[in-house]
> 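Okay, here's the structure, questions in a sec.
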Amino acid sequence: MNWRKSSRSQGNGSACVEVGQAAKAVLVRDTKNRTGGQLAFSPDSWSRFLRDR
C-alpha cells in the first residue's frame, strides 16, 4: 500500500498522520507508530470529512 503524509500534518514530525487507500476504505495511521492501529473510513465518509472540514 502506498501511504502519503497528510497535507494537514505539521512539518516538525510531532503530529503527523499518513493516509492510504485500500480496496474499499481510506486508512489513517500515526507516523510515529506505523505498526499500531489504523482508522478505516468508507470512501463516502472520507469524502464528507474532507468536504466539511
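These numbers come from the heavy atoms of this one structure, side chains and all, not from hydrogens, waters or symmetry mates.
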> Using a 6.0 Å cut-off, check whether atom CG of N2 has over 12 heavy atoms from anything other than its own residue.
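It does not: N2 CG has 12 such atoms or fewer within range.
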
> Please identify each residue that fulfils side-chain contact (heavy atoms from CB on, under 4.5 Å) with D44, with sequence neighbours left out.
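side-chain contact (heavy atoms from CB on, under 4.5 Å) list for D44, sorted by chain: S42, R48.
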
> Report the hydrophobic cluster partners of V17, with the cluster defined as I, L, V, M, F, W, Y residues connected by side-chain heavy atoms closer than 4.5 angstrom, directly or transitively.
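Under the 4.5 Å side-chain rule, V17 groups with V19, V26, V28, L39, F41, W46, F49, L50.
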
> Not counting sequence neighbours, which residues clear side chain to side chain donor-acceptor pair (under 3.5 Å) with R34? List them please.
E18

> Can you name the closest pair of heavy atoms from A25 and A40 and give their distance?
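Distance-wise, the nearest heavy atoms are CB-CB, 4.4 Å.
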
> Using every non-hydrogen atom in the two residues, find where D30 and C16 come nearest and quote the distance to one decimal.
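Minimum heavy-atom contact is OD1-O, 3.5 Å.
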
> List for me each residue that meets side-chain contact (heavy atoms from CB on, under 4.5 Å) alongside Q38, sequence neighbours excluded, and say none if there are none.
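Result, side-chain contact (heavy atoms from CB on, under 4.5 Å) vs Q38: W3, L27, R29.
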
